[in-house]
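Below: one structure, written as structure tokens.
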Amino acid sequence: MSFVSLGFLLFLLILFVLYYALPRRFQWVLLLAGSLVFYAFASPKYLIYIAVTALSTWFAGKLIHDAYAARDAYIKDTPDITKEDKKACKEQAKKKGRRILVCCLILNLGILAVCKYTDFAIGTINSLFGTDIAFLRFALPMGISFYTFQSMGYIIDVSRGKYQAELNPAKFALFVTFFPQLVQGPISRFDQLSQTLYSEHEFEAQKITQGAWRAMWGFFKKMVVADRLVPVVTGIACNPDKYAGGYVLALVFFYTIQLYADFTGGIDITIGVAKMFGVDLAENFDRPFFSKNITEFWRRWHITMGTWFKDYIFYPVSVSKWMLKVSKWSRAKLGPQLGKRVPVYLSTILVWLATGIWHGASWNFVVWGLLNCLVIIISQELEPLYAKFHEKCAFSNTKGWDVFQMFRTFWLMAFLRVLDVYRNVPLTFRMVPTIFSSKGWSEMFSGGMLKFGLEERDYIIVAVAIVIFLIVGILQGKKPVAEQLAEKPLVPRYLIVWVLIIVILVFGAYGIGFDATQFIYNQF
Amino acid sequence: MKKRIVKIVICVVLLAATLFLLQKLLVPKYATTNEEGILSSEYYANAGNNDVLFIGDCEVYTNFSPVKLWRDYGITSYIRGTPQQLTWQSYYLLEDTLRYETPKVVVFNVLAMKYAEPQNEAYNRLTLDGMKWSRTKLDAVKASMTDEETVASYIFPLLRFHSRWNELSSEDINYLFRTEKLSHNGYLMRVDAKPAGQVPDPVPLPDYTIGHKCWEYLDKIRETCEQKGIKLVLIKAPSLYPAWYDQWDKQVVEYAAKYGLEYINFYTLADETGIDYNTDTYDAGLHLNLSGAEKLSAWFGKYLKEKCGVEDRRSDAALAAEWAEREEFYEFMKEAQYKQLREEGAVTRYK
């Protein structure tokens, strides 16, 4: 069931009415039932995958909980326990917890790996060794990367003793399957989400209204902008022999806008819908294109994924015994300055490799991840040079310089993302340089851009939408726009909402004549 | 609280009114382009008092003239025909008609039996959008939808036609709240002629079996007529093409014989009806022009009177007055088209 369908709106309406009509204590049960129905619409057979993840993770959490509880009980019930015994007991429980954790990780990451990466591995083997192993073409369950990472984050935290395991399997299943976040995240943390997810919610008109506005804003981004740009992006990307030069630059730009509108729009719908049920989800974006450098961009874009990699890969790897040895070695061999950066960079490379692979089972994502990493490392290495530049150049503290940095970051990210669209590394590296040739430029501006099924008016709509994104982004800097809107008098407030609804209905790229497209991040 | 509810109601009403107006603006008006789209909705203003109902595709709404039937035989009739009207759509239009009147004779043109599955969204729209909302329309929509269509887009056509903002014209403003009569009890007049030249050879088909869904709905048409005491007549209009294969014809003949129905293939009766494919068709053999339609109606009126016992109702003063108006409009359109022919050399609009 796509978010952008009448079926979803009907589903939402029914669930919403029941949610506030039922006794409060059943609200979370209804959300679980609704989430399972929502998931079953994608395909009932996918329920098995998510059920295995939910149940195995819950069970692992319970086993860890029992092991830790037994440890605590033993220590408590043994008043004359020696320090050594206490340490040994803790160590034993920790080892048991770690074994359970490893089993759970292997099972669930194994499912993810088999479903998502088997054909990638086969393709790589075939091209490396000239074999002809047939692709297995496993179905990719909806949101598998998101719910697996969310579940694995939970079990790691439980094994670390960050919080208690959830002992109610149904409640835990709701944490894994909560329907708004199944499509494309955000990747929630149990300690943050569980409180709001399981608690009883009164009918709060203001919160519900703000949730609806947020969702509408998401529909605007997705339906009016992202889906409108699909023909031009696919038209250029799928015909590289025909569209080079200027068209590639157009592709870089429009794909970035499409991806932004698609992903942030989807998250707006997710957060808005969750809010209508009283549930607060973590923000996944913080005006990413207002970032002045790529490191800042990645702090503002897909925040929950970034923090997941930081907490569960970067930090553990950085402080691992192996990395400490590397650190020691590099300091000795390369000196204290460079030597201390080596382990950080190695962890960073690992994180970006994982980020690339998480995004998709193909080499373009791996290269994309590593290129991001390269830019970040180069930026950090050039930091002293930047500092000197800022000292000497007065204009580097002006607003104009800030705007230039944002502009530069936008294009840098846009060019890296072009690997997503061509999905072929050599082709991408062949096409991007053609921008600097004369190919396609004159044709582009003499009707070439109208060949993809978009008319001039469509481009005007996109241009106006980009201006609106900018204005909303600037306003968002002060406080959430929904809150600002709520403070406005009734007439302008509803006029804005009214216009938004009309714009979505009239200018939305939906229905016959438009290709209904799934959210881009739903594929990841 | 009361004040709050009033505010919410006002907001909802304003939004609904805006959406209604937007929908009115964006749906096609079928006034100067794709005029056939208006045929389906025109019926409701003329419902009742029709002894003969024609159902079928373009082969009925271009080939029979109800005004001629009235003039020559005093037969009241209506054509519920739309472009590429599929068999099940004909059934539902019959069912829809029966909500307003019960004719004595139903005439079904069998050409659409070559289509066993939903065909084309655009044609579906031309047939279904004009129908008034009822259970019948909902069933017609469900039976007709192609994979890309949704029931919701028929309930709220704005969902289908929202992208027409890009092609709005003065027609959309001029016909926002009004329509102009186009047909003559469902007959779409064309006075110009284009002689039939070389008719394309029929392409051999791998399978000539008429589809199950067509038979299913023909059964429904037949059973409905039987229940209501209506005589059902099957016809095949006298078009030269698209091809009506002998193999199809044979199956219809067998069906008619099995259920004791009349089946008239007008193509085989060209001598009797007097159709001349050099003068009586406006598009080289696909559809008849006014001359052809009047010839065919003259022949068929006699048949309806003699074989089906349809009465002459010209003595009914009220009815005669109604039909006098229709005759006047008929003559007006005829003259308008002949004028176009004289002055512009071609018929480019109906009026």
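Computation of the quantities below employed the complete heavy-atom set of this structure, encompassing side-chain atoms and omitting hydrogens, waters and symmetry-equivalent molecules. Order of the sequence lines sets the chain letters (A, B, ...), proteins ahead of strands, with each chain counted from 1.
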| B:Arg160 side chain to A:Gly511 backbone, donor-acceptor under 3.5 Å | no
| said: Could you tell me if the side chain of B:His162 sits less than 4.5 Å from the side chain of A:Phe507, heavy atoms only? | reply: no
| request: Could you please state which residues from residues 495-505 of chain A sit under 4.5 angstrom from chain B, measuring non-hydrogen atom to non-hydrogen atom, sorted by number, or 'none'? | output: A:Trp498, A:Ile501, A:Ile502, A:Leu505
| query | Is the number of heavy atoms from other residues, nucleotides or ligands under 6.0 Å of A:Arg24 CZ greater than 12? | reply | yes
| message | Going by salt bridge (charged side-chain N to carboxylate O under 4.0 Å, His left out), name the pairs with one or both residues in residues 487-503 of chain A, residues two or more places apart or in two chains. | response | A:Lys479-A:Glu487
| said: For A:Phe253, I'd like to know if atom CZ has over 12 heavy atoms of other residues, nucleotides or ligands within 6.0 Å. | reply: yes
| task | For A:Asn239, enumerate each residue passing the side chain to side chain donor-acceptor pair (under 3.5 Å) test, keeping only those at least two apart in sequence or located in another chain. | result | none
| When you look at OH of B:Tyr350, are more than 12 heavy atoms from neighbouring residues, nucleotides or ligands closer to it than 6.0 Å? | yes
| field | Heavy atoms from other residues, nucleotides or ligands near OH of B:Tyr123 exceed 12 (cutoff 6.0 Å) | value | no
| task | Mark yes when over 12 heavy atoms from residues, nucleotides or ligands other than B:Glu344 sit less than 6.0 Å from its CD; otherwise mark no. | result | yes
| Side chain, backbone, both or neither: which part of A:Leu10 has a non-hydrogen atom closer than 4.5 Å to chain B? | neither
| query | Does CD belonging to A:Glu456 count more than 12 external heavy atoms closer than 6.0 Å? | reply | no
| Under 4.5 Å, heavy atom to heavy atom, which residues of residues 6-27 of chain B contact chain A? | B:Lys7, B:Cys11, B:Leu14, B:Leu15, B:Thr18, B:Leu19, B:Leu22, B:Leu26
| field | Heavy-atom closest pair, residues A:Arg457 and B:Glu167 | value | NH1-N, 4.4 Å
| task | Step by step, work out the side chain to side chain contact (heavy atoms under 4.5 Å, CB included) result for A:Ile461 and B:Trp165. | result | CA-CA 12 Å; A:Ile461 288 176; B:Trp165 64 269; 3.3 Å; yes
